[in-house]
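Notes follow the structure.
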Amino acid sequence: MNRVELAELAEAVTAQQQSCRMRLLVCCGTPCVAAGSQAVVAALRERLAALGHPADLELVGTGCQGPCSRGPLLTVLRPGQPEQVWQKCTPELAVSILEAELQQSAFPDTNLLPADWPFFRCQTRLVLANSGRIDPENLEQYIARGGYDGLAQVLHEMIPDQVCDSVVQSGLRGRGGGGYPTGLKWQLVRKSSGSRKFIVANGDEGDPGAYMDRSLMESDPHRILEGMAIAGYAIGAEQGYIYVRGEYPVAAQRLRKAIRDAERAGLLGSRVLDSSFSFRIDIRIGAGAFVCGEETALLASIMGRRGQPRIRPPYPAEAGLWGCPTLINNVETFGNIPAIFSIGPQAFNAIGNGKSRGTKVFALCGEVVNNGLIEVPMGIPLREIVFEIGGGLANGAAFKAAQTGGPSGGCIPAEKLDTPVDYENLQALGSIMGSGGLIVMGEQSCMVDVARFFMEFCLDESCGKCVPCRTGTVEIYRLLSRICNGSASQRDLQTLEQLCQMVKDTSLCGLGAAAPNPVLSTLRWFRAEYETHVNERRCPAGVCSMDELPLHLLGEQLLQRIAALRCDGEGY
Amino acid sequence: MPAITLTINNDLISARQGQTLLEVAREHGIEIPTLCHLDGLEAMGGCRLCLVELQGSSRPVPSCVTRAAEGMVVTTHSDKLVEYRKMLVELLLAERTHTCSICVQNNNCELQTLAAKLGIDHVRFDYLNQQLPMDASRERFALDHNRCVLCLRCVRVCDAVEGAHTWDVRGRGSTSRIVADLDRPWGTSTSCTDCGKCVQLCPTGALFKKGATVGEMRKERSFLNRILERRRLAAQGGTP
C-alpha cells in the first residue's frame with residue numbers, strides 16, 4: 001500500500017460508513033463482556049441475519065467506550081443525528097432499538113444516558129479517540145479514522161530530526177509515570193551510536209486498579225503500532241518489541257492480529273508505505289512480575305534473563321537491549337504520537353497545564369458512581385474528575401482521599417481536591433501521576449489499612465535484589481500490621497518513619513524507592529489517624545480489628561490477673 | 001589513563017579515569033563498608049552498604065558502580081549514611097536466622113564483622129524467624145539458607161569465573177533463594193564442578209565445607225586474584 005492508496009481506502013470506508021442509516025456500536029471491552037455484551041451482540045446479529053444483513057445497518061463490536069460500571073454499553077450513530085448511548089443494555093433492549101429504527105418509531109428511553117452527560121462532556125479524547133468507535137481487529141476502520149496517516153506524513157514529508165523536533169514541540173512527557181520529556185528521549189537515542197537500535201513499548205501495567213494500557217491495547221492496537229513505527233523512523237530503528245503483561249491475553253492476541261494485518265497491508269515490515277523505511281514489531285509476553293514494568297528489568301526480561309532491574313547509568317538510551325541503544329516508552333506514550341501528528345504539535349501543546357501538556361488517561365475506580373476509563377486534559381482539577389466525571393461518591397458518602405499512582409503513589413486528601421492534576425502538582429502533594437490509576441475513597445476507608453494494602457503488594461512484588469526493598473518492605477508491612485491490630489507503640493511509629501525514609505533513599509530501582517510513598521503520604525495527610533490507632537487503640541473508620549494488645553499492656557494485664565488471683569486466695 | 005580530581009570528605013583526591021568511587025576511596029584509605037561487592041567480580045549494587053552522598057544527586061549513590069568524575073563532591077560518612085548502613089545490616093540480621101554461636105563462620109564472618117564495626121548491639125526490627133531448609137546433599141560442601149544474605153557472589157563467581165553457572169536465584173522478594181541447576185538438590189547437580197569457589201567467596205556461613213565445626217571455617221579468597229591475574233596475563237599474550 002502506498003500513501004495514495006491509504007487515502008483512497010480511508011475515503012471509501014468513510015463513505016460506506018456514512019451511507020449507513022444506523023450504526024450500532026456495542027462495547028466489547030473486558031468489563032462490558034463480563035457484564036454480558038456478547039449476548040447483546042449475538043441478539044443483534046441474529047436479528048440482522050433475519051433481515052438478510054441490510055447494507056445500511058452496521059453492527060460493530062468496539063473496544064472500551066468508557067463508563068465501565070454501566071456496561072454493557074450500546075452507542076447508536078445515525079447520520080445527521082446526535083449520538084445516543086444506552087447503559088446496562090440487555091439483548092431485548094438492543095433489539096427493540098433496532099426495531100424502532102426499522103419501524104421509524106421513537107427509541108425506548110430506558111437506560112438512555114443524557115445527551116450532555118458530564119462523564120463524556122468533561123473529557124478530551126486524543127489517545128482514546130478511536131476507543132469505542134472502531135472494531136479493534138479491523139484495520140480498515142482504523143484507517144478510516146485517519147489511522148497511519150501520521151506515519152505516511154512522517155515518512156514522506158519529514159526527516160527523522162524533524163520528527164524528534166515535533167515531539168519535543170508537543171511537550172509530550174512519558175505517560176508511564178516518570179514524566180521524562182519524550183522528545184528529549186527520542187533525540188538522545190537518535191544521537192546514540194550503535195550498530196542497531198530498538199524500540200520497546202512498555203505494556204506491563206501492574207498497578208492495582210489501573211487498566212488504561214490494557215484498554216488501549218485491546219481497543220486500538222494499531223495506534224500503538226503506528227506510534228512505534230513513527231518512533232522507529234525518528235531514531236533509526238528497524239525492530240520494535242511490545243512487552244505485554246501475561247495477564248492480558250486479549251491485548252496480546254489483538255496486537256498480534258494487528259501486526260499481521262498491518263504487515264499484509266504494507267504498513268509495517270519491509271518498505272513501509274513504499275518508502276525505504278522497514279520496521280518490524282514482535283510481542284513479548286511478561287510472566288507476571290510487577291517489577292518488569294521497570295525499564296531495565298523489562299529489557300532483561302525481553303532478553304530472556306531474570307526480570308531484575310540493574311543500576312543506571314548506563315541508561316537504555318545508551319545501552320539497552322543486547323547493549324544497543326533502545327528507546328523505551330509506555331504504550332500510552334506511543335498512543336499519543338499519532339495524535340500529535342494528526343492535530344499538529346502546536347495544537348497538542350495548547351492542551352494542558354504548566355509543564356504537563358496534552359491529555360492523560362485515568363482508570364477511575366473506587367467508591368465513585370461512574371467507574372471507568374477517562375481521558376482528561378492535564379491540569380483539570382481533581383474535584384472535576386471525582387464529582388463531575390465520576391458523579392461523586394456512591395451512596396452519598398463523603399470524600400476522604402484519592403489514591404493516584406498505585407503502589408508508587410500516594411493519597412490526596414479532601415482539602416487538596418482543587419489541585420490541578422499534572423506531574424508537578426501531584427508530586428508536590430507527595431503523590432505521583434503514575435501510569436493513571438485513580439482510586440477514590442470515602443469515609444469508610446482506613447488510611448493505615450490502605451497503606452498496608454499497598455505495602456503488602458510491594459513486598460510481594462519486590463524482586464529481591466537489593467536489601468532495603470527486599471527486607472525493608474517486609475518490616476514496614478509488619479509495623480503497619482501492628483498499628484492495624486492495636487499492638488503498636490509510639491516507638492513503632494518512629495521506626496516506621498525512619499524505615500520508610502531509608503527504603504526511599506537507598507533502594508536500587510524505582511519500585512523500592514517509591515514503595516514507601518503510600519505510607520509517607522498517608523502519614524503526611526492523615527497522621528491523626530495513625531495516632532488514634534496507636535494511642536487510643538481505635539480505628540476511626542472502623543476497619544481495623546484491633547484484636548491484639550501492645551507489649552506494655554500485655555504486661556499490665558498479666559499483673560492484674562496475678563493480683564486478682566492473689567486476692568481470691570487462689571493461684572500459686 | 002587521564003587523571004581526574006575529586007573531593008571526598010572535604011579532601012581533594014586524584015583518581016584515574018574509569019575508577020569507581022569505591023576503588024578511589026579504598027586506595028586513599030577511606031573505609032566504605034560493602035557486602036555484595038568483591039574485587040574481581042562484576043559489581044551488582046545490591047547490598048546498598050557502599051552508598052555515598054554525591055553533591056547534586058538527590059539520593060545517595062552506590063560507590064561500587066559509580067565512576068569517579070572530575071569535580072565530584074563525595075561524602076562517604078555522614079550521620080544519615082551511617083544510620084542507613086546500620087539499618088541495612090539490622091534488616092539483614094532480622095531477615096534470616098543468623099545465630100553466630102552455632103555457625104561455622106563465627107569470628108570469620110563478614111556480616112558479623114560489619115555489625116560489630118557499625119556498633120550494632122540490637123536489632124530494632126522484628127526477626128522474621130524463617131525456618132529455611134539446609135542442603136547438605138553435596139559430598140564436600142553444604143548450603144544453609146538461614147545464613148544467606150543473597151549477595152549473589154556465588155552466582156557471579158560460578159558464572160563468570162568457573163563458567164559453570166550452577167547457581168541462580170529462584171523466587172522473588174523475601175522468598176528469593178539460591179538454587180543449583182534449576183532448583184534441584186546441590187548433590188544431584190550435573191553442572192557443579194566441585195571447585196569450591198562459591199564456598200570460599202561466601203561472606204557468611206551459608207556455603208561451607210563439610211566437616212568444619214563451629215568457628216573453624218577459614219575461607220581462602222586469594223585464588224580469585226590468582227585466576228584473574230593469570231587470565232589477564234594470558235590475554236596480554238604472556239605465559240600464564
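So you know, we letter chains A, B, ... as the sequences are listed, proteins then strands, and number each from 1.
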Select one option (side chain, backbone, both, neither) describing which atoms of B:Leu150 are under 4.5 Å from chain A's heavy atoms.
both
Can a salt bridge be assigned to the pair A:Arg306 and B:Asp168 using a cut-off of 4.0 Å between side-chain N and carboxylate O?
no
Any side-chain heavy-atom pair of A:Cys466 and B:Met44 under 4.5 Å
no
If you take all heavy atoms of A:Asp505 and B:Pro60, which pair is closest and at what distance?
O-CD, 3.4 Å
Donor-acceptor pair, distance only, cut-off 3.5 Å: does the side chain of B:Arg48 make one with the backbone of A:Thr506?
yes
Top contributor to chain B interface from A:Leu459, A:Leu479, A:Asp460, A:Val291 [non-hydrogen pairs under 4.5 Å]:
A:Asp460
Could you tell me whether A:Arg524 atom CZ has more than 12 heavy atoms of other residues or ligands within 6.0 Å of it?
yes
So, A:Gln498 versus B:Arg124: side-chain donor-acceptor pair below 3.5 Å or not?
yes
Interchain contact, A:Arg482 with chain B, by part (heavy-atom threshold 4.5 Å):
side chain
Pick from A:Gly307, A:Ser507, A:Cys458: which one has the most heavy-atom pairs with chain B under 4.5 Å?
A:Ser507
Run the numbers on B:Glu95 and A:Arg470 for side chain to side chain contact (heavy atoms under 4.5 Å, CB included), then give the verdict.
CA-CA 9 Å; B:Glu95 184 182 24; A:Arg470 184 179 74 222; 2.9 Å; yes
Whatever's closer than 4.5 Å to a heavy atom in chain A on B:Arg170 counts as backbone
Please classify the contact of B:Val149 with chain A as side chain, backbone, both or neither, using a heavy-atom distance under 4.5 Å.
backbone
Bottom line for A:Thr473: the part with an atom under 4.5 Å from chain B's heavy atoms is neither
Supply the atom-to-atom distance B:Arg96 CZ to A:Thr471 OG1, rounded to the nearest 0.5 angstrom.
8.5 Å
Closest approach of B:Val65 to A:Ile311 (non-hydrogen atoms, all atoms of both residues)
CG2-CD1, 3.5 Å
Within 6.0 angstrom of B:Glu23 CD, more than 12 heavy atoms from elsewhere
yes
For B:Arg59 and A:Ala513, work out which heavy atoms get closest and say how close.
NH2-CB, 3.6 Å
Nearest non-hydrogen partners of A:Cys463 and B:Ser176, listed with the distance:
O-OG, 3.6 Å
Selection from B:Leu49, B:Leu152, B:Leu88 maximising heavy-atom pairs under 4.5 Å formed with chain A:
B:Leu88
Is B:Leu35 close to chain A through its backbone or its side chain, or both, or neither, when contacts mean heavy atoms under 4.5 Å?
neither
Under 3.5 Å: donor-acceptor pair, side chain of A:Arg478, backbone of B:Phe125:
no
Indicate the atoms forming the closest heavy-atom contact of A:Glu475 with B:Leu128, along with that distance.
OE2-CD2, 3.7 Å
Distance, nearest 0.5 Å, that separates CE of A:Met502 from NZ of B:Lys80
12.5 Å
Within a reach of under 6.0 Å around CG of B:Asn10, are more than 12 heavy atoms found that belong to other residues, nucleotides or ligands?
no
